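Small disclaimer: the values here were computed from a predicted structure and weren't measured.
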Amino acid sequence: MSLGLTPSARSMWAGSGSVCEGRLAETSIFSVLHAEGGSLFGDELFADLFSTRGRPSVPPRIVATVMVLQRLFGLSDREAVEAFEFDARWKWAAGGLDLDYGGFAHTVLVDMRARLAASVRPRRIFEVTLGAAKEAGLVGHRRVLDSTPLYDAVATMDTVTLVRSAIRGLLKVADPQLEDDLRGVLVRHDDYRRAGKPTCDWDDAEARTALVDELARDAYAVLGLLHGRDVTPEVAEAARLVATVVGQDIETGEDGTFRIIRGTAADRVISIVDPETRHGHKTAARHYDGYKGHAAADPDSEIVTDTRVTPAHTPDAAAATDLINDLINDEPENTDRASDDTADDDTADDDTTVDNTADDDAADDDTVGGDPVPAPADKPAPAGTDPADAEPAAAPGGRGRPEVYGDAAYGTGLFLGLLLRAGIIANTKVQPPVNTSGLFTKDAFNVDTEAGTVTCPAGETAPIRLDGNGTGDGTARFGTACAGCPFAAQCTTAKTGRTITVSRYHDLLTAARARQAEPEWKADYRATRPKIERKLAHLMRRPHGGRRARMRGTTKIDADFNLLAAAVNLARLATLGLTSTPTGWQTA
């Protein structure tokens with residue numbers, strides 16, 4: 001298919017301008033797309049997506065305009081094409097087309113998304129929109145970060161349905177000979193041809209147990225048959241899914257019977273239809289299934305500067321580095337982009353005291369579990385530095401040092417350390433130490449990382465011993481010193497005494513807490529960070545394609561969310577009066 005071109009000839013009497021010109025406000029997105037759409041995403045922007053031979057495509061500028069308006073108004077593909085065909089404003093936005101200009105099949109939108117996804121610049125619509133905003137001076141050196149839930153477009157499956165559906169999916173992708181071999185090792189009286197949950201007396205506990213055991217044995221039987229075989233990529237992927245769902249939900253009882261595991265795995269696959277969707281929770285009481293949309297915005301112009309979509313259980317700080325790549329001049333070495341092991345990234349971080357009553361290895365408030373970031377071996381925790389005292393770094397446009405704002409989900413030691421090394425001011429909240437048992441929190445202890453000691457409220461001092469895993473984390477154990485301590489009842493109930501875990505980020509987090517207690521810091525944070533909440537509200541105001549994902553899989557949903565951000569940015573630029581001039585983009 002070759003590149004189609006947007007028609008330039010206009011009918012004096014049947015043009016959409018006869019209806020729209022002078023009636024639509026200049027700050028309307030329809031007016032801005034009409035006047036500047038050719039400069040933003042003209043046909044030539046998409047030339048690499050098409051061949052030089054074949055019948056002409058629907059002009060890409062028209063398709064891009066429909067895609068942007070579709071995302072802004074939350075329409076399905078069919079509804080968007082219908083709006084283009086019958087709404088004069090859409091034809092006006094697409095370049096002032098005549099009112100009798102024909103429509104096109106809704107599958108053209110599907111094809112364009114596929115072409116963009118396969119190209120070297122899949123985010124080009126967002127990029128040119130953001131580029132215009134930057135050229136107009138609307139993107140400065142400050143960023144506000146946050147995330148929002150995106151509900152998936154599939155039903156969550158229980159364990160029985162997951163395992164059976166995974167086996168059924170494996171049988172469907174196998175060739176006839178392999179399918180016969182797989183069916184030959186199945187033990188259940190089930191041909192796995194019908195979708196859904198198998199028949200069972202669900203009120204009978206023994207029947208339920210027998211069903212789970214049979215399904216698990218079928219799963220392990222087909223996996224055993226495939227072990228060591230040379231199979232197609234589709235079969236290999238289906239087999240991995242079978243192994244995943246069985247491994248995450250099924251365990252072997254003492255009697256050798258397979259049973260459902262009590263509890264939920266942190267990275268549990270919840271649907272065979274969309275294996276990338278996950279359980280997530282905004283707070284301890286608010287759970288959802290799906291994905292998480294991350295966004296960064298300029299707080300002054302309210303222009304979205306970047307977006308990412310991750311599975312719902314991903315911590316906010318894990319996606320933060322990707323959102324601020326434009327602010328980072330030289331990415332530091334040995335930087336792990338994952339922040340911590342916490343599942344609820346909006347309520348917990350790497351400096352939160354959990355409890356110290358069960359035993360002396362209980363997690364404490366500076367623990368960063370499993371982080372492979374190396375630290376000097378001669379110190380239990382490297383000395384921290386106030387993020388505001390870092391060496392100045394060049395900001396975009398030379399307008400001062402970059403700044404990043406975020407809630408406590410971004411106040412992890414790893415992320416603060418990355419900002420510090422990049423010369424970025426960290427205006428992210430850091431949660432104060434807490435203790436779920438109401439005992440002394442960590443800030444009641446004097447932690448001296450230079451001397452490698454921790455002193456308790458009673459004046460006892462314990463050395464910080466490195467954990468030996470090469471991360472720089474350490475532990476101070478008070479042991480028998482707690483036995484006769486007058487404060488023991490207020491400090492710990494562990495028989496072996498109080499234990500304090502000191503992370504490599506202790507000094508950095510302590511300095512950040514001290515800074516965020518200053519009145520000036522609080523005033524700036526309260527005036528700036530909430531702006532991202534309003535921008536997320538703009539992104540989520542349409543149910544279809546906003547809060548509810550229209551597609552499946554991280555890659556497609558990420559592209560769709562990014563296109564939504566481009567549409568919201570264009571609406572914002574229209575309000576600000578974006579115009580192109582011989583010297584570049586300007587706003588009123």
Is it true that a side-chain atom of [X] and a backbone atom of [Y] form a donor plus acceptor pair closer than 3.5 Å?
X      : Y      : answer
Arg142 : Asp300 : no
Asn569 : Ile303 : no
Thr314 : Thr310 : no
Arg526 : Ala523 : no

- request: Identify the heavy atoms of Ala426 and Leu419 that sit nearest to each other, and give their distance.
  value: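 For Ala426 and Leu419, the tightest heavy-atom pair comes out as CB-CD1, 3.6 Å.
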When you check the gap from the basic side-chain N to the acidic O, do [X] and [Y] get nearer than 4.0 Å?
X      : Y      : value
Arg308 : Asp558 : no
Arg113 : Asp560 : no
Arg278 : Asp267 : yes
Lys429 : Asp407 : no
Asp146 : Arg529 : yes
Asp326 : Arg143 : yes
Glu237 : Arg240 : yes

message: A side-chain contact here means heavy atoms from C-beta on lying under 4.5 Å apart; do Val269 and Met157 qualify?
response: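 The answer is no; the side chains never approach within 4.5 Å.
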